[in-house]
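Here is the structure we will look at, set down as structure tokens.
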Amino acid sequence: MAKPAKPLTVLINQGGGSAGEDASTRVTAALKTAGVKARIVITHGADCAEQAAKLVKAGAPIVVAAGGDGTMSAVAGALAGSDTAMGILPLGTLNHLARDLGIPFDLAEAAAVLAAGHQRCIDVGELNGRVFVNNSAIGLYPLMVLDREGQQKRLGRSKRLALLVASVRTLLRFRHQRLLLKADEGQAEVDTPLLFVGNNDDEVALPAAGKRASLDDGTLCVLVLRKPNRAGFLAAVLRAMVGRAHRDDMIRLATEGRLRVDSHRSHLAVAVDGETLHLQPPLDYRIRKQALRVIAPAA
């Protein structure tokens, strides 16, 4: 595919992932080396999604997201269902979407992928109308994210240190909750400390934990942690860490793309691509097949 004649618009989320003050300089240099003409737009937080939506409305053929997974999720939410393709320049800590698409973390190499211009369509998940590209979780994980974010804001800790401290404190405050799950024609009431809903099938054991072999199978990955006590939970985590997860640690629910989660609680803490929300149940999940066009290496 020929390189775009018009400059691409690159949205750099200044607060996304590890994007620092020099992000614009680094991105500009990488794109120049790859021969990609670009217009850099610095955004902050929610403004990233608003800018992407404006570009879609203006008919932009490509919008490039530069940041972490939260940035990718925000831009994808604006682009899903449109003819605008999303380019990806990973600047985050984990970069799950870029990794699963085979996009290099090195900026120069990622820019070369943009220059090649190969496009493909992938699935996105949706929770009550909100798009996610990686996963959503209910239970311990969103509590851990809230703790981590609080440490970063109050104490200025790095993301990795804050995550470590938050993980320990969340385990000490261990608790489970009762959820009513409805998928396809069946339903089940479960007591669990963690419900995980992924955009396509995720591995749960190291060294492949969190990786997806496919992003276009059109399925929700629904995992329910079975052990409702701290000791059982810790044992399951340790087994996953050494790559020896038991089949009965997590229940995989079969679903053709829809899941409803209900609870007697008035609100549930829910993590969506790393951002924690407080939502009123029921929660309706669905998969949107091949709704997002992305620029990625040829499969």
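Asn200 contributes a side-chain N or O that, together with a main-chain N or O of Asp217, makes up a donor-acceptor pair within less than 3.5 Å. A distance-only check finds no donor-acceptor pair linking the side chain of Arg288 to the backbone of Glu126 [under 3.5 Å]. Without hydrogens or angle criteria, Asn199 side chain to Asp123 main chain gives a donor-acceptor distance under 3.5 Å. Judged purely by atom type and a 3.5 angstrom limit, Ser73 has no side-chain atom pairing as donor or acceptor with the backbone of Asp69. In this structure a side-chain-to-backbone donor-acceptor pair under 3.5 Å is missing from Asp262 to Leu180. A side-chain donor-acceptor contact under 3.5 Å links Asn128 to the backbone of Asp284. In terms of modelled atom types and a separation under 3.5 Å, the side chain of Thr84 and the main chain of Pro61 share no donor-acceptor contact.
Here CG of Leu277 is found 5.0 Å from CZ of Arg130. Values are rounded to the nearest 0.5 Å. Atom CG of Leu127 is separated from atom CZ of Phe132 by 6.5 Å, given to the nearest 0.5 angstrom. Between the CZ atom in Arg39 and the OG1 atom in Thr28 there is a gap of 12.5 Å [rounded to 0.5 Å]. We find the CG-NZ distance between Asp216 and Lys289 to be 11.0 Å, quoted to the nearest 0.5 Å. The CD1 atom of Ile287 lies 4.5 Å from the CG atom of Leu220; values are rounded to the nearest 0.5 Å. Here OG of Ser263 is found 4.5 Å from CG of Leu268. Values are rounded to the nearest 0.5 Å.
Across every non-hydrogen atom of Ala115 and Ala34, the tightest pair is CB-O, 3.6 Å. The two atoms that bring Ala110 and Pro104 nearest to each other are CB-O, 3.6 Å, heavy atoms only. Considering every non-hydrogen atom in both Thr71 and Ala65, the closest pair reads CG2-CB, 4.3 Å. Thr43 and Cys48 get closest at one heavy-atom pair: OG1-CB, 3.5 Å. Of all non-hydrogen atoms in Ser136 and Val270, the two that sit nearest each other are OG-CG1, 3.4 Å. Here the shortest heavy-atom pairing between Gln177 and Gly139 reads NE2-CA, 3.3 Å.
Residues Lys57 and Lys54 are not in side-chain contact: their nearest non-hydrogen atoms beyond the backbone lie 4.5 Å or more apart. Residues Lys211 and Asp100 meet the side-chain proximity criterion, which asks for heavy atoms closer than 4.5 Å. Put simply, the side chain of Leu8 does not reach to within 4.5 Å of the side chain of Leu31, judged on heavy atoms.
In this view, Ala30 and Leu107, Ala111 satisfy the side chain to side chain contact (heavy atoms under 4.5 Å, CB included) rule, not counting sequence neighbours. By the salt bridge (charged side-chain N to carboxylate O under 4.0 Å, His left out) test, Asp106 pairs with no residue at all, sequence neighbours left out.
When each of Val224, Leu181, Ile138, Leu223 is paired with Thr192, the side-chain contact (heavy atoms from CB on, under 4.5 Å) condition holds for Val224 and for no other.
Residues Asn135 and Asp202 have side chains that never bring a donor and an acceptor to within less than 3.5 angstrom of each other.
Electrostatic pairing of Arg252 and Asp201 counts as a salt bridge here, judged by a charged N lying under 4.0 Å from a carboxylate O.
Clustering of Ile, Leu, Val, Met, Phe, Trp and Tyr side chains at separations under 4.5 Å places Leu101 together with Leu11, Val41, Leu55, Val56, Val63, Met72, Val75, Leu79, Met86, Ile88, Leu97, Ile103, Ile122, Val124, Val131, Val133, Leu215, Leu292, Val294.
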